[in-house]
Structures are given as structure tokens and as C-alpha cells.
Amino acid sequence: MTSGSDLVPRYTQTDLENARTKGQLIGWLQGAGVAFGVLLVVGLIGWIPAVLLAVGAAALAYKLFKR
């Protein structure tokens, strides 16, 4: 029968440093992805007033020229 300590994997300091570095890299990539997504959404939201003004102007022009 094996003891519980035989089931625990042994990690070296290099393994831990590599895992930490990989985790930091993944975190930076996730952060960059979220920041890009937020900037994209904010950029699209910024267009909404311009589109609404254009639609309103087009509707007004249509009513004026329809007469």
C-alpha cells in the first residue's frame, strides 16, 4: 500500500517559476482581450447618437420634401 505522500507530485523551483510566468502571461493576454472588448463596445456606443441624429435628419428631410 502506498502512503499519501507518494501520490503528491514533486515540483521543482523551476517548475513553479515556469507556472507562475505562464500564469502571468495568460493573465496579461486576458486583460488585453477584455480591454480591447471594452474599447470596441465603447466605440460602438459612441456611434449611436450620430446614427440617431442622421436618422432624425433623414426623417425630417423626407417630411419636408414629401410635400
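Source: prediction; values computed, not measured. Just the heavy atoms: all of them, side chains too, but no hydrogens, waters or symmetry mates, feed the values below.
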Mind jotting down which residue pairs meet the side chain to side chain donor-acceptor pair (under 3.5 Å) criterion with at least one end in residues 12-25? Sequence neighbours excluded, please.
->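 Every pair satisfying side chain to side chain donor-acceptor pair (under 3.5 Å) with a residue in residues 12-25: Thr12-Asp15.
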Give me the other members of the hydrophobic cluster that [X] sits in, counting Ile, Leu, Val, Met, Phe, Trp and Tyr linked by side-chain heavy atoms under 4.5 Å, directly or via other members.
| X | result |
| --- | --- |
| Leu16 | Tyr11 |
| Trp47 | none |
| Val41 | Ile45 |
| Leu25 | Leu29 |

Nearest 0.5 Å, what's the CG-CG distance between Leu64 and Leu60?
->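 So the gap between those two atoms works out to 4.5 Å.
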Counterpart residues, side-chain contact (heavy atoms from CB on, under 4.5 Å), relative to Val38 (two or more places apart) |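 Testing Val38 for side-chain contact (heavy atoms from CB on, under 4.5 Å), a comparison that skips the adjacent residues, returns Val34, Val42.
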